[in-house]
Amino acid sequence: MTDFQQQVLTVVARIPRGRVTTYAAIARAIGRPRAVRAVGTAVGNNPDAPKVPCHRVVRSDGSVGDYAFGQKQKIYLLRSEGIEIVDGQVVHFSRIFFDL
DNA sequence: GCTCTGACGATTT
DNA sequence: GAAATCGCCAGAG
C-alpha cells in the first residue's frame, strides 16, 4: 500500500454515517487539490468495504458516481443510512455534504 | 523513464 | 442542460 492510498483511505474513514463527501474534497484534504482522479483510482483499488465507507464518496456535482459492486449497491447502502437518492442524484446534497 | 488508464472535475460546445 | 473536450495526478506495465 502506497503512502498516497494510505492517506486517502484514512480520510475516507472519517466520514460520518449518513453524510457524504466528494473526490475533490478528499483531494483537498490530503493536500493535492488536483489529484482527484488519482483519488478515485485509489478508492477503487481498495474495496475495503468494512474498513472504509467508500460508498459515501460521490461526485462534486451531486451524482452518485461509480462503485466497485455497482451503483445499485452503492445507492442501496446510502439509502440504508438515510440518504435519499433520486435518479442517480443525492438529494439535499449540500446539506449532508461533509467537508473533511 | 514513457505510455496508458481511470469510482473525477471544470469548461466549452 | 446534456455531451464532448481538456486537464490532472498517481499506479501499473
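Convention: sequence-line order gives letters A, B, ...; per-chain numbering from 1.
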Engineer: Please report, rounded to the nearest Å, how far the C1' atom of C:dA10 is from the CD atom of A:Q7.
Structural biologist: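 In whole Å, C:dA10 C1' lies 12 Å from A:Q7 CD.
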
Engineer: If you check the A:A38 side chain, which of C:dA10, B:dA7, B:dC8 turns out closest?
Structural biologist: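 Of C:dA10, B:dA7, B:dC8, C:dA10 is nearest to the side chain of A:A38.
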
Engineer: State whether the side chain of A:D87 and the backbone N or O of A:Q89 hold a donor-acceptor pair below 3.5 Å, judged by distance alone.
Structural biologist: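 No: the side chain of A:D87 does not pair with the backbone of A:Q89.
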
Engineer: How many whole angstroms separate atom CZ of A:R28 from atom C1' of B:dA10?
Structural biologist: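 To the nearest whole Å, that distance equals 13 Å.
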
Engineer: Separation of A:I26 atom CD1 from B:dA7 atom P, in whole Å?
Structural biologist: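 Taking atom P of B:dA7 as the reference, CD1 of A:I26 is at 15 Å.
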
Engineer: The side chain of A:R59 is closest to which nucleotide in this list: B:dC8, C:dG11, C:dA10?
Structural biologist: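 Closest nucleotide to the A:R59 side chain: B:dC8.
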
Engineer: Between the base of B:dA7 and the side chain of A:Y23, is there a donor-acceptor distance below 3.5 Å?
Structural biologist: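 Looking at the base of B:dA7, it does pair with a donor or acceptor on the side chain of A:Y23 (distance under 3.5 Å).
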
Engineer: Rounded to whole Å, how long is the line connecting atom CG of A:L9 with atom P of C:dG11?
Structural biologist: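 It is 11 Å, rounded to the nearest whole Å.
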
Engineer: Only counting residues at least two apart or in another chain, list the ones meeting side chain to side chain donor-acceptor pair (under 3.5 Å) with A:D99.
Structural biologist: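 Side chain to side chain donor-acceptor pair (under 3.5 Å) list for A:D99, sorted by chain: empty.
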
Engineer: Looking at A:T2, does any N or O in its side chain come under 4.0 Å of the phosphate oxygens OP1/OP2 on C:dG11?
Structural biologist: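 For C:dG11, OP1 or OP2 has a side-chain N or O of A:T2 closer than 4.0 Å.
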
Engineer: Round to the nearest Å and state the distance from A:Q6 atom CD to C:dG11 atom P.
Structural biologist: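 Atom CD in A:Q6 sits about 12 Å away from atom P in C:dG11.
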
Engineer: Do the non-hydrogen side-chain atoms of A:K74 and A:L78 ever get within less than 4.5 Å of each other?
Structural biologist: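 In short, these two side chains touch, coming nearer than 4.5 Å.
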
Engineer: Whole angstrom is fine here: how far is it from CD in A:Q71 over to C1' in B:dA7?
Structural biologist: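 Distance check: A:Q71 CD to B:dA7 C1' gives 10 Å.
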
Engineer: How close or far is atom P of B:dA7 from atom CZ of A:R56, stated in whole angstroms?
Structural biologist: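 Spelled out: CZ on A:R56 to P on B:dA7 is 22 Å.
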
Engineer: Tell me, do A:V52 and A:V43 make a side-chain contact under 4.5 Å, heavy atoms counted?
Structural biologist: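 A:V52 vs A:V43: side chains apart.
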
Engineer: So if I define the base as every atom that isn't primed, P, OP1 or OP2, how would nucleotides 1-8 of chain C read as a B/S/- string at a heavy-atom cutoff under 4.0 Å?
Structural biologist: ------BB

Engineer: Remember a base hit wins even if backbone is also touched, and classify A:S60 as base, sugar-phosphate or nothing at under 4.0 Å, heavy atoms.
Structural biologist: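 Sugar-phosphate contact only.
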
Engineer: Looking only at heavy atoms, what is the nearest atom pair of A:A42 and A:F4, with distance?
Structural biologist: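 Closest approach of A:A42 to A:F4: CB-CE2, 4.1 Å.
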
Engineer: More than 12 heavy atoms of other residues, nucleotides or ligands under 6.0 Å from CD of A:Q71: is that the case?
Structural biologist: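 At most 12 heavy atoms, drawn from other residues, nucleotides or ligands, come within 6.0 Å of this atom.
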
Engineer: Quick one: list whatever passes ring pair (Phe, Tyr, Trp, His ring centres under 6.0 Å) with A:F98, sequence neighbours left out.
Structural biologist: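 Checked A:F98 against ring pair (Phe, Tyr, Trp, His ring centres under 6.0 Å); zero matches.
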
Engineer: Check the distance between C:dC9's P and A:F4's CZ and give it to me in whole angstrom.
Structural biologist: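 Whole-Å distance recorded here is 11 Å.
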
